[in-house]
Amino acid sequence: MSFRLHSLWLLLLLALLGGCSGVGMSRPDNPEMPYPPPRAPQVGDVLHFPTGLYVSREAMLSVVADARVVYVGETHDNPASHRLERDVLQAMADRWPGQVALGMEMFTPAQQQVLDAWVAGALTEKEFLKQSNWYGTWRMDFGLYRDLLQLARERRIPIRGLNAEKDLVRAVGRKGLDALTLEQRRQVPEMDLEDPYQNELVEAIYGGHSAGHAMLDGFRRVQTLWDETMAQNVAAYLQQPGNEQLHMLVIAGGNHVRNGFGIPRRVFRRLPTSYALVGSKEIVIPKERRDRLMNVSIPAFPMPPYDYLVYTRYEINDAGKVKLGVMLGEDDGKVTVGGVAPESNAERAGIRQGDVILKIGDQQVKESFDLVYVINQLKPGDEKTLLIERDGRQMEVRVTFEKSKPMHHGKK
């Protein structure tokens with residue numbers, strides 16, 4: 001090798017070594033975020049995780065709408081999550097008119113007839129809530145999902161119930177797969193209980209609950225059953241004859257979507273096709289919502305959590321919600337008061353345990369749903385007259401609905 005050529009190689013080597021020694025060129029050791037973003041996120045920012053670049057909401061929607069399946073991981077009680085879901089569904093419906101479906105964790109296949117009737121415009125909102133048993137199965141504020149479901153209805157977008165039936169979930173959690181009846185086993189999809197990343201996540205989440213580790217295996221089975229059932233229902237629907245060109249938006253809690261090993265990987269195992277992961281993260285959390293954050297340290301995984309992450313504010317959706325403040329029961333076709341919460345609207349109005357509620361305003365109360373539906377339409381300051389029966393006599397009680405203190409599930 002000539003002296004001149006040797007010198008050139010030496011200069012090149014020194015330049016390379018000098019370039020690698022700079023602090024700014026070091027490789028971040030975080031596979032979940034291979035390229036750190038240039039600044040801290042702000043509410044409304046959309047981060048593309050694989051590149052570390054912020055993009056506009058419109059750019060994100062344009063890209064993800066091309067995927068055959070788009071998974072959006074939601075925070076169930078944050079309105080910002082539900083606006084994101086609606087935006088994604090709108091973008092997909094505009095991109096693929098008449099070729100989009102909506103898959104929802106919140107429903108099961110047993111409710112499919114009701115979902116079809118809703119999309120067809122055959123049910124009022126009240127009829128839909130009653131026939132789907134919304135308050136008994138999902139229990140979240142329907143107002144959070146109203147715009148998404150209305151869009152599906154307006155655009156005639158099929159809605160598919162994806163989740164496992166509750167009876168099967170209970171059996172799998174308590175007894176295990178080997179102890180199921182033959183009929184129950186027929187309902188169980190192919191189950192991969194050995195995914196190392198999901199097992200890590202399950203152990204982390206379970207560690208945030210006070211029950212300890214005695215039921216960890218049951219919790220793992222249930223989490224896997226949820227994900228495998230939803231994946232099976234997505235893949236089966238997209239593979240039905242006539243659905244070969246169909247695209248689907250799948251919405252579920254973030255733990256079913258984040259990092260891709262929950263529902264997405266299990267769908268891909270059954271149906272290899274293009275997909276995108278979209279999530280949201282609350283970076284502004286008011287004190288009224290801090291008690292809702294799970295005390296869980298989510299493990300780091302060797303892959304980005306989402307393709308796109310939307311940074312949001314944890315909004316308060318129930319500031320205008322009111323409760324009567326009673327525990328309801330149904331006895332021989334009558335709606336009864338099983339208990340009255342202290343300092344509640346019911347106690348202030350003089351409602352007592354054992355009262356039978358016959359009417360609220362002009363609405364006959366024939367079952368608990370009738371009362372719950374009316375109260376869910378009210379806001380602080382509204383008044384309603386309740387017709388009740390006490391000791392064989394009917395009487396009217398005037399209730400002023402003030403904002404109530406938080407109460408346990410099952411009370412309205």
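We use all heavy atoms of the structure for the numbers below, so side chains are in, but hydrogens, waters and symmetry mates are not.
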Are Phe107 and Trp134 an aromatic pair by the rule of ring centers under 6.0 Å?
yes
Can you confirm whether Tyr237 is buried at OH, in the sense that more than 12 heavy atoms of other residues, nucleotides or ligands lie under 6.0 Å from that atom?
yes
Just by distance, with hydrogens left out, do Ser280 and Ser81 show a side-chain donor and acceptor under 3.5 Å apart?
yes
State, without any angle test, whether Asn199 and Glu203 hold a side-chain donor-acceptor pair at a distance under 3.5 Å.
no
Tell me whether the NZ or CZ atom of Arg153 lies within the 45° cone about the ring axis of Trp118 and under 6.0 Å from its centre.
yes
Atom CD of Glu154 with >12 non-hydrogen neighbours under 6.0 angstrom
yes
4.5 Å side-chain heavy-atom contact, Leu225 and Arg221:
no
Go through Phe261 and Phe301 one step at a time and tell me if the ring-ring contact (aromatic ring centres under 6.0 Å, His included) criterion holds.
CA-CA 10 Å; Phe261 51 74; Phe301 296 107; 5.0 Å; yes
Contacts of type side chain to side chain contact (heavy atoms under 4.5 Å, CB included), residue Asp66, not counting sequence neighbours:
Arg95, Trp96
Validation row: Leu162, Thr229 side chains within 4.5 angstrom (heavy atoms):
no
Does atom CZ of Phe142 have more than 12 heavy-atom neighbours, drawn from other residues, nucleotides or ligands, at distances under 6.0 Å?
yes
For residues Val340 and Ser344, determine if any side-chain heavy atom of one lies less than 4.5 Å from a side-chain heavy atom of the other.
yes
Should Glu127 and Lys130 count as an ion pair when the cut-off is N to O under 4.0 Å?
no
Separation between NZ (Lys126) and CG (Asp370), nearest 0.5 Å, reads 5.0 Å
Check Arg348 with Glu402, please: is the shortest side-chain N to carboxylate O separation under 4.0 Å?
yes
Could you check if a side-chain atom of Val356 sits within less than 4.5 angstrom of a side-chain atom of Ile388, using non-hydrogen atoms only?
no
Name each donor-acceptor pair under 3.5 Å that joins a side chain in residues 53-64 to protein atoms two or more places apart or in another chain, with its distance.
from  : atom 1 : to    : atom 2 : distance (Å)
Tyr54 : OH     : Arg39 : O      : 2.8
Ser56 : OG     : Ala59 : N      : 3.0
Arg57 : NE     : Asp87 : OD2    : 2.9
Arg57 : NH2    : Asp87 : OD2    : 3.0

Is it the case that over 12 heavy atoms from other parts of the model lie below 6.0 angstrom from the CD atom of Gln240?
yes
Should Arg390 and Asp355 count as an ion pair when the cut-off is N to O under 4.0 Å?
yes
Please round to the nearest 0.5 Å and tell me the distance separating atom CZ of Arg83 and atom CG of Leu148.
13.0 Å
Side chains of Glu383 and Thr400, donor plus acceptor under 3.5 Å:
yes
Does a side-chain heavy-atom distance below 4.5 Å link Ile251 with Glu105?
no
Identify which one of Tyr314, Trp138, Tyr145 satisfies the ring-ring contact (aromatic ring centres under 6.0 Å, His included) criterion when paired with His76.
Trp138
Got Asn233 and Pro109 here, is their nearest side-chain heavy-atom distance under 4.5 Å?
yes
Without hydrogens or angle criteria, can the side chains of Asn78 and Glu282 be said to hold a donor-acceptor pair below 3.5 Å?
yes
Just wondering, are more than 12 heavy atoms of other shown residues or ligands nearer than 6.0 Å to CZ in Arg265?
no
Are Asn243 and Gln239 linked by a side-chain donor-acceptor pair shorter than 3.5 Å?
no
Kindly list each side-chain donor-acceptor pair under 3.5 angstrom involving residues 165-175, sequence neighbours excluded, with atom names and distances?
from   : atom 1 : to     : atom 2 : distance (Å)
Glu165 : OE1    : Thr108 : OG1    : 3.0
Glu165 : OE2    : Thr108 : OG1    : 3.0
Glu165 : OE2    : Ala110 : N      : 3.1
Asp167 : OD1    : Arg170 : NH2    : 2.2

Go through the side-chain N and O atoms of Glu330 and Thr336 and say whether any donor and acceptor fall under 3.5 Å apart.
no
Are side-chain heavy atoms of Ile375 and Lys323 found at a separation under 4.5 Å?
no
Can Asp307 and Tyr275 be counted as having a side-chain donor-acceptor contact under 3.5 angstrom?
no
Strictly below 4.0 Å, N to O, side chains only: are Arg146 and Glu125 in salt-bridge contact?
yes
Is there a side-chain contact between Arg160 and Leu102 in this structure, where contact means two heavy atoms from C-beta onward sitting under 4.5 Å apart?
no
Audit row: Arg68, Gln245, side-chain hydrogen bond (donor to acceptor under 3.5 Å, both in side chains) steps and yes/no:
CA-CA 8 Å; Arg68 187 167 188 209; Gln245 303 302 315; over 6 Å; no
Does Arg393 CZ have over 12 foreign heavy atoms under 6.0 Å away?
no
In Å, rounded to the nearest 0.5 Å, how long is the span from NZ of Lys334 to CG of Leu358?
7.5 Å
Whether Asp178 and Arg185 form a salt bridge (side-chain N of Lys/Arg under 4.0 Å from carboxylate O of Asp/Glu) is what I want to check.
no
Please lay out, stage by stage, how Leu249 and Val72 fare under the test side-chain contact (heavy atoms from CB on, under 4.5 Å).
CA-CA 8 Å; Leu249 168 62; Val72 178; 3.6 Å; yes
Go through the steps to decide whether Glu32 and Asn259 satisfy the test side-chain hydrogen bond (donor to acceptor under 3.5 Å, both in side chains), and finish with yes or no.
CA-CA 9 Å; Glu32 286 197 302; Asn259 297 104; 3.1 Å; yes
